[in-house]
Amino acid sequence: MVAKHNGQLIMANVADPGLKYACPVCNQEVHLRRGKIKVAHFAHCRGAGCSYGEGETAEHLLGKLQIHQWLAQQGIPARVEYYLPKISQRPDIMFQWRGQQVVIEFQCSPLSVQRISERNQGYRFLGIHPYWYLGSPYRRRLGSEKVAQFTQLINGRPGIWYWDTKQGRLRADFNHYHCSLARRTRVTRRIINDQVQKLMSTTSRQSAVRQLAAQVWQRHQVPLSCCPLVCHDVKPSWPVTRQPIIFWRIRVVDWLGGQPLFSAWSASAWGARLAEIGQPDWLNFPCLVDGGLIRQQLITAFTQELCQWGIIALVDQQYVLLKHPHWFEQVSDKIRVNKRGH
């Protein structure tokens, strides 16, 4: 999309077709390709052996051009594919915003968590804030791991940025909040009923869930579906674990059932223990400066629920276990209690 002419980087959409250009990476000659259908770009001669720009999709080319123009319309001068030699990285777009160096990566192809972590670490090493905009291949239904991989804070909330090349605009997506194993509904009783039914039919291939079911049976002689009502996440949350979050809540409650009444933990010890119970199920958030932020928010929210249920209480800056959560002997008992409103 950019090439060198007399030492200056020139964008393909404004390049003079009568001039000669060189690749900014290998310095070999490149040719301007600009027509009515394809997005303007530069191409190496056959056999050049340079991978710069190789395999770049039309959407990626168009998106970079649109983002550059979008910033220009707001009076923000930006560089396209500017090379950062200290970290050997070439971001799609780079500019300065309110005194902060910023880069935008328009991602249309698959990218591993490790690779995105490495790139973000490189940018942060230079004091640059990275933003990731996703293209159309990511608009399909995303699994929890992909959601976490590209989660960014948008006005203080977890979300995902998309760049729509068809409309040439930026869109924020917050539609990944959900309750475990339940259809989309705001009715608490329905959420719990859905979760109970799914737990009754759970034959997970995940060994961790099978081990949890065996552990619960050994301690309480009941299936997972008889877990205490406090285990049910009836408020939608952002994906934080690989397995539905209800399994982590069951593990926490099962652990509490094995603790003596009036056991006490400092706030830090309590948080550390709940985080430990979730290992190794926590998802990675490489686009957040504080990768544990959303996990901590989840732990805080569940702690508040346990307090509201009277299971624990904050006394003199310590969480004290006041009572053991109630496990149901039969699923029918649980459904009846849920129906009349606990």
His129 and Gln100: side-chain donor and acceptor closer than 3.5 Å? no

Mind telling me whether Trp238 and Tyr177 have parallel, tilted or perpendicular rings, with 30° and 60° as the class edges? perpendicular

Verify whether one side chain among Gln149 and Tyr138 offers a donor that lies under 3.5 Å from an acceptor in the other. no

Inspect the surroundings of CZ in Phe174 and state if more than 12 heavy atoms from other residues, nucleotides or ligands are less than 6.0 Å away. yes

Under 30°, 30 to 60°, or over 60°: which ring-plane class applies to Trp255 and Trp265, parallel, tilted or perpendicular? tilted

Could you walk me through whether Met200 and Val331 pass side-chain contact (heavy atoms from CB on, under 4.5 Å), step by step? CA-CA 9 Å; Met200 288 175 64; Val331 172; 3.7 Å; yes

Count the heavy atoms of every other residue, nucleotide or ligand shown that sit under 6.0 Å from CZ of Arg79, and state whether that count exceeds 12. no

Within a reach of under 6.0 Å around CD of Glu329, are more than 12 heavy atoms found that belong to other residues, nucleotides or ligands? no

Would you say the side chains of Glu118 and Gln114 form a donor-acceptor pair under 3.5 Å? yes

Does Lys20 use its side chain to pair, donor to acceptor, with the backbone of Glu29 at less than 3.5 Å? no

Going hydrophobic residue to hydrophobic residue with side-chain gaps under 4.5 angstrom, can you get from Leu321 over to Ile299? yes

Backbone N/O of Gly135 and side chain of Glu59: donor-acceptor pair under 3.5 Å: no

Would you say the side chain of Phe302 lies within less than 4.5 Å of the side chain of Val253, judging by non-hydrogen atoms? yes

Shared hydrophobic cluster, Val147 / Leu293 (ILVMFWY, side-chain heavy atoms < 4.5 Å): yes

Where is the tightest heavy-atom contact between Leu212 and Phe247, given as atom of each residue plus distance? CD2-O, 3.7 Å

Between the main-chain N or O of Arg169 and the side-chain N or O of Asp164, is there a donor-acceptor pair closer than 3.5 Å? no

Between the main-chain N or O of Ser109 and the side-chain N or O of Gln107, is there a donor-acceptor pair closer than 3.5 Å? yes

For salt bridge (charged side-chain N to carboxylate O under 4.0 Å, His left out), just list the numbers for Arg336 and Asp333, CA-CA rounded to whole Å, side-chain angles, deciding distance to a tenth of an Å, and then say yes or no. CA-CA 5 Å; Arg336 185 170 59 255; Asp333 295 337; 2.8 Å; yes

Is it true that a side-chain atom of His68 and a backbone atom of Ala78 form a donor plus acceptor pair closer than 3.5 Å? yes

Just verifying a value: how many Å separate Arg189 CZ and Ile191 CD1, rounded to the nearest 0.5 Å? 11.5 Å

First locate atom CZ of Arg210, then atom CG of Leu224, and finally report the distance between them rounded to the nearest 0.5 Å. 12.5 Å

Tell me if a side-chain donor or acceptor on Arg242 pairs with a main-chain N or O of Trp282 at a distance below 3.5 Å. yes

Would you give the length of the straight line joining atom CG of Leu256 to atom CZ of Arg273, rounded to the nearest 0.5 angstrom? 9.5 Å

Hydrophobic cluster identity match, Tyr133 and Trp97, side-chain contacts under 4.5 Å: yes

Gap separating the CZ atom of Arg295 from the CG atom of Leu274, nearest 0.5 angstrom: 11.0 Å

Are Leu288 and Val113 linked, directly or through other ILVMFWY residues, by side chains that come within less than 4.5 angstrom of each other? no

Minimal heavy-atom distance between Ile294 and Phe285, with the atoms involved, is CD1-CE2, 3.7 Å

side-chain contact (heavy atoms from CB on, under 4.5 Å) partner of Phe328, the single match among Val222, Leu229, Val196, Asn338: Leu229

All heavy atoms of Pro130 vs all of Tyr123, minimum pair found to be CB-CD1, 3.7 Å

More than 12 heavy atoms of other groups within 6.0 Å of Asp290 CG: yes

Looking at Gln218, I'd like to know if its CD atom is crowded, meaning that more than 12 non-hydrogen atoms belonging to other residues, nucleotides or ligands lie closer than 6.0 Å. no

Does Gln66 use its side chain to pair, donor to acceptor, with the backbone of Thr165 at less than 3.5 Å? yes

Spell out, as yes or no, whether a donor-acceptor pair under 3.5 Å connects the side chain of Asn120 to the backbone of Pro286. yes

Gln243 side-chain N/O to Asp281 backbone N/O, donor-acceptor pair under 3.5 Å: no

Any Ile311 side-chain heavy atom under 4.5 Å of Tyr319 side chain: no

Does the pair Val240 and Gln297 meet the rule for a side-chain contact (heavy atoms from CB on, under 4.5 Å), with working shown? CA-CA 10 Å; Val240 186; Gln297 290 174 345; over 6 Å; no

Which value, rounded to the nearest 0.5 Å, describes the distance between His326 atom NE2 and Cys226 atom SG? 9.5 Å

When you compare the side chain of Gln101 with that of Leu126, does any pair of heavy atoms fall below 4.5 Å? no

Transitive ILVMFWY side-chain link Val289 to Ile87, under 4.5 Å: no

List the steps and the verdict of side-chain contact (heavy atoms from CB on, under 4.5 Å) for Asp233 and Trp248. CA-CA 10 Å; Asp233 54 313; Trp248 169 72; over 6 Å; no

Measure across Pro91 and Glu105 and return the closest heavy-atom pair with its distance rounded to 0.1 Å. CA-OE2, 3.5 Å

Determine yes or no for a side-chain-to-main-chain donor-acceptor pair under 3.5 angstrom, with Gln28 supplying the side chain and Cys45 the backbone. no

Please examine the side chains of His178 and Pro239, heavy atoms only from C-beta on, and report whether any two atoms are closer than 4.5 Å. yes

With the side chain counted from C-beta on, respond yes when Leu111 and Trp132 share a heavy-atom pair under 4.5 Å apart, and no when they do not. yes

Below 4.5 Å, heavy atoms only, C-beta onward: do Val320 and Ile312 meet side chain to side chain? no

So do the side chains of Leu306 and Trp270 get within less than 4.5 Å of each other, counting heavy atoms only? yes

What are the two closest non-hydrogen atoms of Cys287 and Thr151, and how far apart are they? CB-O, 3.3 Å

Carefully, step by step, assess Trp309 and Lys323 under the rule side-chain contact (heavy atoms from CB on, under 4.5 Å). CA-CA 10 Å; Trp309 280 81; Lys323 67 179 181 181; 5.7 Å; no

I'd like to check Ile335 versus Gln197 (side-chain heavy atoms, cut-off strictly below 4.5 Å). Are they in contact? yes

Any Lys/Arg nitrogen of Glu305 or Arg249 sitting under 4.0 Å from an Asp/Glu carboxylate oxygen of the other? yes

Approximate separation, where rounding is to 0.5 Å, of Cys227 SG and Arg251 CZ: 12.5 Å

Could you report the tightest heavy-atom contact between Trp161 and Ala172, atom names first, then the distance? CZ3-CB, 3.7 Å

